[in-house]
2 protein chains.
Amino acid sequence: MNSEDFAKTKADFIAQWGTLGSSWGINRTMAQIHAFLMLAVEPTDTNEVMQALKISRGNANSNLRDLVGWGLVRRVTYPGDRKEYFEAEKDVWTMFCIIARERKRREIDPALNLLQSSSSKSYKKTDPEQQLFASQTKALAEFVQTADLVLDKVARSEESKVLPFLIKRFK
Amino acid sequence: MNSEDFAKTKADFIAQWGTLGSSWGINRTMAQIHAFLMLAVEPTDTNEVMQALKISRGNANSNLRDLVGWGLVRRVTYPGDRKEYFEAEKDVWTMFCIIARERKRREIDPALNLLQSSSSKSYKKTDPEQQLFASQTKALAEFVQTADLVLDKVARSEESKVLPFLIKRFK
DNA sequence: TTGAAGTTTCAGTAATTACTGAAACTTCGT
DNA sequence: ACGAAGTTTCAGTAATTACTGAAACTTCAA
């Protein structure tokens, strides 16, 4: 593939990855920056990101900060150069673990809190509505807790210890 | 718990579940309606939903339709009664499977398409950038495909065959 | 075939979320 | 201590997404 076509392919991939990001509940720009950095051979500065994705400095800055916050991107500095560069985590399993942990923290833990606090109140056994509320929140709490534990354990394991095993068991 | 306090607890739970829904990429109203129906002893009509959640008919209608589309809610009719009632799937494992299938279809499959089509093009081996693009998209494609298969298999299994096993292996 | 009961649609509006760009701030070399 | 290089903040604005409510549509009984 000549480099002109390749540039197109790459830009297209990044754009589409951004769209996918949206449907994943991640903002478009953040997903695009992540894709861009994941495909960058060398650490890249804010200006390059802005240029490549045609976004403002503020936008680039805040999404880069978020990505660093997630742990998907690292700040890199070189001695004698004041600029900051950014570099994405490229290992797929590591990325998966980071994302799993973060989604767990942001999505599962708060749900589990709500479910556990709701299900641990005491309800009137003679009222079918309270009865249902109690049993339903309890069942959900237990399920989510289990899922949480499993996810947690998987995301802490080494790829080589988990994936072959899951594949064998579930493929 | 007296019924006044219970009403409050329940309303509060539904409201919070809605907020959680947002952070899960599901719209607030849809999550609230789902919670409301999941906690309803009997099938419930649109008017009741509108009243309970203080939302408009249009909003209730479209979110109920979406929930039916997901398979999380069923339409129920009684002979001799023109009204339609709605009833939520209450079994937690079944809910999980439905949601897993739907998220797979909406989030994973499109990503896999993009990754596979990108990684199957041919790239110039002498260009490090094309090299990286090829290897990165390939690694992602393989990982996502595996995750997809595992999730698919899990979501098709019976709870009793999967959960005890995962718990034992990962708890 | 009419109209009452019920459901769906959708144009207009509200609420939310994301982005811009310029100003404020920080850091470092001289 | 000053100013150039670089980074962050944030008020204002744009884009997206969700919601309302009334009109259009459907269904059924008389």
Side-chain angles (χ1 to χ4, degrees), chain A residues 14-37 42-70 73-87 106-107, chain B residues 14-37 42-70 73-87 106-107:
Chain A
I14 290 171
Q16 286 197 64
W17 195 256
T19 307
L20 285 175
S22 302
S23 88
W24 268 75
I26 286 161
N27 92 44
R28 216 178 71 256
T29 305
M30 184 166 152
Q32 285 179 346
I33 295 180
H34 182 240
F36 177 74
L37 291 177
E42 302 208 330
T44 304
D45 70 23
T46 304
N47 287 314
E48 265 186 86
V49 173
M50 288 166 57
Q51 259 189 279
L53 306 182
K54 303 207 176 77
I55 58 175
S56 72
R57 186 171 301 282
N59 194 12
N61 181 266
S62 86
N63 281 294
L64 281 166
R65 175 147 35 87
D66 289 352
L67 283 165
V68 171
W70 276 60
V73 165
R74 281 177 294 276
R75 291 172 195 275
V76 178
T77 51
Y78 297 103
D81 183 347
R82 284 207 2 224
K83 254 204 288 259
E84 278 188 325
Y85 296 81
F86 297 91
E87 164 183 71
R106 296 171 184 226
E107 297 175 0
Chain B
I14 290 170
Q16 286 197 62
W17 196 255
T19 306
L20 285 175
S22 302
S23 87
W24 268 76
I26 285 161
N27 93 43
R28 216 179 72 255
T29 305
M30 186 165 151
Q32 286 180 345
I33 295 180
H34 183 239
F36 176 73
L37 291 177
E42 302 208 330
T44 303
D45 69 23
T46 304
N47 287 314
E48 265 186 86
V49 173
M50 289 166 57
Q51 259 188 279
L53 306 182
K54 304 210 176 76
I55 58 175
S56 72
R57 186 171 300 284
N59 195 11
N61 181 265
S62 86
N63 281 293
L64 281 165
R65 175 146 38 84
D66 289 351
L67 283 165
V68 171
W70 276 59
V73 165
R74 281 176 293 274
R75 291 171 195 274
V76 178
T77 49
Y78 298 103
D81 182 348
R82 293 228 325 244
K83 252 203 292 262
E84 276 190 324
Y85 295 82
F86 296 92
E87 166 184 69
R106 296 173 184 226
E107 298 175 0

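Order of the sequence lines fixes the chain letters, A, B, ..., with proteins taken first and strands second; residue numbering starts at 1 for each chain.
- If you measure from atom CD1 of A:I55 to atom P of C:dC19, you get 8 Å, rounded to the nearest angstrom.
- When all heavy atoms of B:V49 and B:F36 are compared, the closest pair comes out as CG2-CE2, 4.0 Å.
- Nucleotide D:dC10 forms a Watson-Crick or G-U wobble pair with C:dG21, both donor-acceptor distances falling under 3.5 Å.
- Protein atom NZ of B:K54 is 16 Å distant from nucleotide atom P of D:dC19, rounded to whole Å.
- A pairwise comparison of heavy atoms in A:M50 and A:A60 identifies CG-CB, 3.8 Å as the closest pair.
- Rounded to whole angstrom, the span from the CZ atom of A:R28 across to the C1' atom of C:dT20 amounts to 14 Å.
- Annotation for B:D66 and B:M30: closest pair CB-SD, 4.0 Å, computed over non-hydrogen atoms.
- In this structure, CD of A:E48 is placed 17 Å from C1' of D:dT7, rounded to the nearest angstrom.
- For the pair A:R82 and A:R75, both in contact range of DNA chain D, the more 5′-proximal nearest nucleotide belongs to A:R82.
- Atoms CG (A:L53) and C1' (C:dA18) sit 15 Å apart, rounded to a whole Å.
- What separates CG of B:N27 from P of C:dA15 is a distance of 16 Å, to the nearest Å.
- In terms of heavy-atom proximity, B:A31 sits nearest to B:G21 at CB-CA, 3.9 Å.
- Checked by atom type and distance alone, the side chain of B:N63 pairs as donor or acceptor with a backbone atom of B:N59 at under 3.5 Å.
- Picking from D:dG6, C:dA18, C:dT20 the nucleotide with the shortest atom distance to the side chain of A:K83 gives D:dG6.
- Regarding B:Y78, its OH atom lies at a distance of 17 Å from the C1' atom of C:dG6, rounded to whole Å.
- Using a 4.0 Å heavy-atom criterion, one finds that B:D81 contacts no nucleic acid atom at all.
- Of all nucleotides present, only D:dA30 satisfies the Watson-Crick or G-U wobble test against C:dT1, with each distance under 3.5 Å.
- Across B:R75 and B:E84, no two heavy atoms sit closer than the pair NH1-OE1, 2.9 Å.
- One interatomic measurement links the two molecules: CE of A:M30 to P of C:dT17, which rounds to 16 Å at whole-angstrom precision.
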Please tabulate, one pair per line, each protein N/O and nucleotide N/O from nucleotides 9-13 of chain C that are separated by under 3.5 Å, including the distance.
{"from": "C:dT9", "atom 1": "OP2", "to": "B:R65", "atom 2": "NH2", "distance (Å)": "2.9"}

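- For A:N63, whose side chain is taken as the heavy atoms from C-beta onward, the closest listed nucleotide among C:dT20, C:dC19, D:dG6 is C:dC19.
- For the residue pair B:T19 and B:R28, the shortest heavy atom distance occurs at N-CG, 3.9 Å.
- B:T29 comes within 4.0 angstrom of sugar-phosphate atoms only, judged by non-hydrogen atoms across all strands, and of no base.
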